[in-house]
Amino acid sequence: MSQRQGAVGQRCQGEQGVAMIVVLLVAAVLFALGTAMMTAVTAEVNRSALGNTRSASYQAAESGVEDYVAKLTEDHSYYLHYVHPAESTRRDSTGTLVAPGATWA
């Protein structure tokens with residue numbers, strides 16, 4: 001028995017810090033992987049928010065155009081009678097400014 005214990009003791013003498021080094025290497029790899037994943041997720045969140053903003057802007061612009069086209073479809077001379085609420089002010093031939101949503105003289 002003592003010979004066997006002596007042989008095991010001799011084998012383990014050169015391996016005294018290997019476990020700690022392996023644990024540190026695994027921890028470093030996991031930390032790097034976690035950091036990379038967090039960076040990727042943050043970038044995707046930013047891209048998604050930008051996409052939502054762009055989509056909302058496009059839909060608002062499309063809605064405004066469709067509203068104006070609907071008004072022109074109902075009244076072909078709408079442009080000559082009214083200043084649309086989404087339109088900027090207009091200046092008539094006398095120099096008077098007409099506000100959005102008002103009738104056009």
Side-chain angles (χ1 to χ4, degrees):
M1 255 343 221
S2 66
Q3 286 180 343
R4 190 173 186 191
Q5 287 176 349
V8 171
Q10 288 174 356
R11 271 191 295 176
C12 293
Q13 283 179 351
E15 299 176 7
Q16 285 179 348
V18 173
M20 179 65 95
I21 292 173
V22 169
V23 167
L24 288 176
L25 288 175
V26 169
V29 167
L30 289 176
F31 179 75
L33 184 63
T35 303
M37 292 297 278
M38 288 297 293
T39 303
V41 168
T42 303
E44 283 298 318
V45 166
N46 291 339
R47 273 188 233 125
S48 175
L50 182 60
N52 285 341
T53 302
R54 287 180 177 173
S55 178
S57 299
Y58 176 78
Q59 295 300 325
E62 186 75 19
S63 173
V65 168
E66 287 179 7
D67 179 52
Y68 198 74
V69 167
K71 298 251 194 269
L72 288 173
T73 302
E74 291 174 13
D75 179 9
H76 295 294
S77 58
Y78 177 80
Y79 182 79
L80 300 173
H81 300 177
Y82 302 99
V83 178
H84 193 267
E87 198 176 342
S88 65
T89 57
R90 277 198 231 164
R91 187 179 306 271
D92 64 8
S93 59
T94 63
T96 306
L97 285 176
V98 180
T103 56
W104 179 252

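When a residue number appears, it is its place in the shown sequence, counting from 1. As the structure is a prediction and not an experimental result, all values here were calculated from the model.
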* To do: Supply the atom-to-atom distance Asn52 CG to Ser57 OG, rounded to the nearest 0.5 angstrom.
  => 10.5 Å
* Any donor and acceptor pair, going by atom type alone, linking the side chain of Thr42 with main-chain N or O of Met38 inside 3.5 Å? -> yes
Without placing hydrogens or testing angles, list every side-chain donor-acceptor pair under 3.5 Å for residues 58-74, not counting sequence neighbours.
residue	atom	partner	partner atom	Å
Asp67	OD2	His84	NE2	2.8
Thr73	OG1	Val69	O	2.7

* What distance separates Thr96 OG1 from Arg91 CZ, expressed to the nearest 0.5 Å? -> 8.5 Å
* Say whether Val18 and Val26 are linked into one hydrophobic cluster, either directly or through other cluster members, by side-chain heavy-atom distances under 4.5 angstrom. => yes
* Structure fact -> Here the gap from Leu30 atom CG to Thr35 atom OG1, rounded to the nearest 0.5 Å, amounts to 10.5 Å
* Under the side-chain hydrogen bond (donor to acceptor under 3.5 Å, both in side chains) test, residues paired with Ser48 that sit two or more places apart -> none
